[in-house]
Amino acid sequence: MLIFDADDTLWENNVIFERVIDEFTAWMAGPGTDRAAVRAVLDKIEAANTRTLGYGSKMFLRSLGECVERLRGRAATAAERARIAGWEAAFAGDRVELIPGVAETLAELAGRHELLLLTKGDREEQQRKVTASGLTGHFRGVHIVPEKNVAAYEELTRGYGLAPERTWMIGNSPKSDILPARSAGLNAVFIPHDHTWVLEHEELDPGDEKVLRLGAFRELVRHF
C-alpha cells in the first residue's frame, strides 16, 4: 500500500501562500520592522492558530489580520481588512497545478499497487483541490483529516488492515508525513519541496533505513 500526501507532493500549494506572504511582509515592513521580523511574528501567530483553527486559507487569512493588529498595536482598519480579504482570490478557483510527473507516475503505480490519499486541512477546501486534481480515480480511498499525527496513521492502518512493513507514506513534510508515519510503524518516502511550509520542517534521522529519500516524484516508479 502506498499512501500519498497531497499538498506540495501531488500539486503546488505552499508557493501560493508564500506569494501572499511576500506581498504582506512588504506591506507591513517599515522603520524598525523589516520583512524578516514581520515573517517571524506571522509564523508565531500561525503556529498558535493551527492548534485551534486547523490548516488552510481561512486560518492563514485570519492570521494575517491578527499580525496586522499585533504589529500596529491596534485593531485593523476597514481598509486593512479589505486588503487582506483581497487575498482570498489567491486560494479560490477550481484548478490545481500538478507537480511534474505526478499524473503519469500515479497511473503507472496504480497498475501494480493499491494507493491511498491522506491530506490534512479544511475539509471543504481540501476536497475542492482533490476533485480539481483529476487524480481520485487512482486511489482506493481519500482521507481528509484535521491533523496528520501518529493517531491518524494508526487509525488508517487499522481501518484498512494494513501491514505496516509493506506500507509506505509518501510526502514532502517531515513533520506531517515522515515522522508520524515512522512512529506508527510505517515506512516512508521523503520527496523534498523547495516551498515546504516552514512550520512543517523537522529534522529527519539520516540513519533511518526505513525512510527512502528521492529527488523527484517520478523516481517512485524505480522503487515500487
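Remark: Glu155 CD is loosely packed, at most 12 non-hydrogen atoms of other residues, nucleotides or ligands lying under 6.0 Å away. More than 12 heavy-atom neighbours from other residues, nucleotides or ligands sit within 6.0 angstrom of CZ on Arg128. For Arg166, the CZ atom counts as loosely surrounded, since its 6.0 Å shell holds 12 or fewer non-hydrogen atoms of other residues, nucleotides or ligands. Within 6.0 Å of the CD atom in Glu124, the count of heavy atoms belonging to other residues, nucleotides or ligands does not exceed 12. Atom NZ of Lys210 sits in a sparse spot, with 12 or fewer heavy atoms from other residues, nucleotides or ligands closer than 6.0 Å.
Residue Ala75 comes nearest to Glu80 through the heavy atom pair O-OE1, 4.3 Å, listed as atom of the first residue, atom of the second, then distance. The shortest non-hydrogen separation linking Arg213 to Asp205 is NH2-O, 3.6 Å. Residue Glu203 comes nearest to Leu179 through the heavy atom pair O-CD1, 4.0 Å, listed as atom of the first residue, atom of the second, then distance. In plain terms, the two heavy atoms of Val41 and Leu71 that are nearest each other are CG2-CD2, 4.1 Å. Nearest heavy atoms, Ile45 versus Glu66: CG2-OE1, 3.4 Å. Taking every heavy atom of both residues into account, Val130 and Ser133 meet most closely at O-OG, 2.6 Å.
Residues Thr9 and His193 fail the side-chain proximity criterion, which asks for heavy atoms closer than 4.5 Å. A heavy-atom distance below 4.5 Å is found between the side chains of Asp43 and Val198. Lys148 is not listed as a side-chain neighbour of Lys175, based on a closest heavy-atom distance of 4.5 Å or more. When side chains are defined from C-beta on, Asn187 does not count as touching Thr167, because their heavy atoms never get closer than 4.5 Å. Leu2 is not listed as a side-chain neighbour of Glu114, based on a closest heavy-atom distance of 4.5 Å or more.
If you check the side chains of Glu12 and His195, you find no donor sitting under 3.5 Å from an acceptor. When only modelled atom types and interatomic distance are considered, Thr196 and Asp8 share no side-chain donor-acceptor pair under 3.5 Å. For Glu125 and Ser57, the side-chain atoms include at least one donor-acceptor pair closer than 3.5 Å. Side chain to side chain, Thr50 and Glu46 fail the donor-acceptor criterion of an N or O pair below 3.5 Å. Remark: the Asp177 side chain and the Ser173 side chain contain no N/O donor-acceptor pair separated by less than 3.5 Å.
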- Checking side chain to side chain contact (heavy atoms under 4.5 Å, CB included) for the pair Phe4/Thr119: CA distance, chi angles, key distance, verdict? CA-CA 8 Å; Phe4 290 86; Thr119 182; over 6 Å; no

- Working for side chain to side chain contact (heavy atoms under 4.5 Å, CB included), residues Leu212 and Trp168: CA-CA 10 Å; Leu212 175 63; Trp168 296 76; 4.2 Å; yes

- Message: Pair Asp7, Lys120 - check salt bridge (Lys or Arg N to Asp or Glu O under 4.0 Å), show working.
- Response: CA-CA 9 Å; Asp7 293 337; Lys120 71 177 182 181; over 6 Å; no

- Message: The test is side chain to side chain contact (heavy atoms under 4.5 Å, CB included); show your working for Tyr160 and His143 and say whether it passes.
- Response: CA-CA 12 Å; Tyr160 284 91; His143 297 267; 2.7 Å; yes

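Without hydrogens or angle criteria, Lys129 side chain to Val96 main chain gives no donor-acceptor distance under 3.5 Å.
For Arg112, the salt bridge (Lys or Arg N to Asp or Glu O under 4.0 Å) partners at least two apart in sequence or on another chain are Glu108. Legend: residues meeting ring-ring contact (aromatic ring centres under 6.0 Å, His included) with His138, ordered by chain and number and at least two apart, are absent.
Within the hydrophobic cluster formed by Ile, Leu, Val, Met, Phe, Trp and Tyr side chains joined at under 4.5 Å, directly or through other members, Val150 stands alone, with no partner residue.
In this structure, Phe17 has its ring center no closer than 6.0 Å to that of Trp197.
Tyr153 and Val189 sit in two unconnected hydrophobic clusters of ILVMFWY residues. Membership requires side-chain heavy atoms under 4.5 Å apart, directly or through other members. Phe91 and Leu53 fall into different hydrophobic clusters, where Ile, Leu, Val, Met, Phe, Trp and Tyr residues are linked whenever their side-chain heavy atoms come under 4.5 Å apart, directly or through other members.
A side chain to side chain contact (heavy atoms under 4.5 Å, CB included) with Ile170 is found for one member of Asp5, Ile3, Leu220 and no other, namely Leu220.
Between Phe24 and Trp27, the two ring planes are perpendicular [angle over 60°; tilted spans 30° to 60°].
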